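In what follows, a single structure is set out as structure tokens and then discussed.
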Amino acid sequence: MTTHVAAPAADFEEHRSRMFGIAYRMLGSATEAEDVVQDAYLRWTSGDRGNVEHPGAWLAKVVTNLCLNTLTSARARREEYPGPWLPEPVLTGGGALGPLESAEQRESVSMALLVLLEQLTPVERAVYVLREAFAYAHREIAELLDLSEANCRQLYRRAAARVAAPKPRFEPAPEQWQSLVETFLEAARNGDVARLETMLTADAKYVGDGGGVVGAALRPILGRDKVARFAVGVLRKFVGDLEITVTEVNGSPALLFGEVAVFQVEFENGLVSAMRTVINPEKLEFLHRQLSHS
């Protein structure tokens, strides 16, 4: 009996990381992605695998369709979400979401893109993720989703047009990013609004996700002057006595403020263009588990 179970379990483990990567990009939630992967595992180990020639393709189809079902119910919940919604942050330095060696691979798990993907229908999102992040051919995607190849091409074109966004023109190296962020935090700690304004783009944006559990702005803060003033208040709260750690989250550098917040900053031509903070404790549970195992 042990041998019977061990063989399919070993086959599944070979593909687990890829399945989690698909599910996370589809859902923007590591917790839900884990549930999907576990469901796929149970189906794999308990089902008839006699006709399965390619386990990876079979599992990708199961995971994708489970994600489509999850997205249908998740959409209603996210429409009622209190304040801005951000993806669950994932530590990616250890390969949790697969290889992130190129700018395109890192972009596929970025918080900015995952937020944009919320605009898509579930099927559009599936086609886009499978094509962009995992380089599936349109023929393969059609087989996974039981659609025609022509339909998949059309869905991909529509999705790509809807999430199209200009790429940052300045992507500092991690060391430079840390130096720029430390300068920004120092200005915030000192309440130097004027200095902060010189470090922000005119259309700078701050988004905080507290999920109604922790106090956070219920709308994005937009514009250089408003973001500078808001940053002084919110960052003073975090910069105080909390330990600050630099790490990689969703393919980009980030700061961990103790165990209570994940803070990401985007730059454009050396100026801060966007800041995102996840402080909803429920969304930090997966990251905390990652930290406990590191």
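Because the structure is a prediction, the values reported are computed rather than measured.
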If I take atom [atom1] from residue [X] and atom [atom2] from residue [Y], how far apart are they, to the nearest 0.5 angstrom?
X: Met19; Y: Glu34; atom1: CE; atom2: CD; value: 15.5 Å
X: Thr245; Y: Leu256; atom1: OG1; atom2: CG; value: 5.5 Å
X: Phe257; Y: Leu235; atom1: CZ; atom2: CG; value: 5.5 Å

Discussion item. Using side-chain contact (heavy atoms from CB on, under 4.5 Å), reason through His15 and Trp58 one step at a time and then give a plain yes or no.
Written reply: CA-CA 11 Å; His15 301 283; Trp58 188 93; over 6 Å; no
[X] and [Y]: which non-hydrogen atoms are nearest, and at how many Å?
X: Gly191; Y: Val232; answer: CA-CG1, 3.8 Å
X: Pro122; Y: Met26; answer: O-CE, 4.3 Å
X: Val36; Y: Cys67; answer: CG1-SG, 4.0 Å
X: Ala112; Y: Arg276; answer: CB-NH2, 3.4 Å
X: Ile279; Y: Val214; answer: O-CG2, 3.5 Å
X: Ala23; Y: Val63; answer: CB-CG1, 4.1 Å

Fill in: Short N-O contact, Lys61 and Asp146, less than 4.0 angstrom
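Yes, charged N to carboxylate O under 4.0 Å.
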Worksheet item: Do the charged groups of Arg77 and Glu32 touch, with an N to O distance under 4.0 Å?
Response: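 Salt bridge: yes.
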Is the count of non-hydrogen atoms from other residues, nucleotides or ligands lying under 6.0 Å from [X] atom [atom1] greater than 12?
X: Glu13; atom1: CD; result: yes
X: Arg162; atom1: CZ; result: yes
X: Glu149; atom1: CD; result: yes

Group every Ile, Leu, Val, Met, Phe, Trp and Tyr by side-chain heavy-atom contacts under 4.5 Å, then state whether [X] and [Y] land in the same group.
X: Leu200; Y: Val207; answer: no
X: Tyr81; Y: Leu116; answer: no
X: Val115; Y: Leu113; answer: no
X: Val265; Y: Val193; answer: yes

Provide the full list of side-chain hydrogen bond (donor to acceptor under 3.5 Å, both in side chains) pairs with a residue in [range], sequence neighbours left out, each pair given once.
range: residues 111-120; value: Arg78-Glu118, Glu118-Arg125
range: residues 178-188; value: Gln178-Glu182, Glu186-Arg189, Glu186-Asn190
range: residues 20-31; value: Tyr24-Asn250, Arg25-Ser108, Ser29-Glu88, Thr31-Glu88

Fill in: Option from Leu71, Asp39, Leu27 for which side chain to side chain contact (heavy atoms under 4.5 Å, CB included) with Leu66 holds
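Exactly one pass, corresponding to Asp39.
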Worksheet item: Any side-chain donor paired with an acceptor under 3.5 Å for Thr201 and Glu268?
Response: no
Worksheet item: Strictly by modelled atom types, are Glu124 and Tyr156 linked by a side-chain donor-acceptor pair under 3.5 Å?
Response: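 Checked: Glu124/Tyr156 side chains show no N/O donor-acceptor pair below 3.5 Å.
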Worksheet entry | Side-chain touch Leu130/Ile22, heavy atoms, less than 4.5 angstrom |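 Yes, close enough: below the 4.5 Å cut-off.
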Practice prompt. Classify the ring geometry between Phe267 and Trp177 as parallel (under 30°), tilted (30 to 60°) or perpendicular (over 60°).
Written response: perpendicular
Practice prompt. Using ring pair (Phe, Tyr, Trp, His ring centres under 6.0 Å) as the criterion, list what pairs up with Tyr136, not counting sequence neighbours.
Written response: none
Fill in: side chain to side chain contact (heavy atoms under 4.5 Å, CB included) involving Pro82 - partner list, sequence neighbours excluded
none
Worksheet item: For Ala194, does its backbone N or O pair with a side-chain atom of Glu197 as donor and acceptor, under 3.5 Å?
Response: no
Worksheet item: side-chain hydrogen bond (donor to acceptor under 3.5 Å, both in side chains) with Lys226: which residues, sequence neighbours excluded?
Response: none
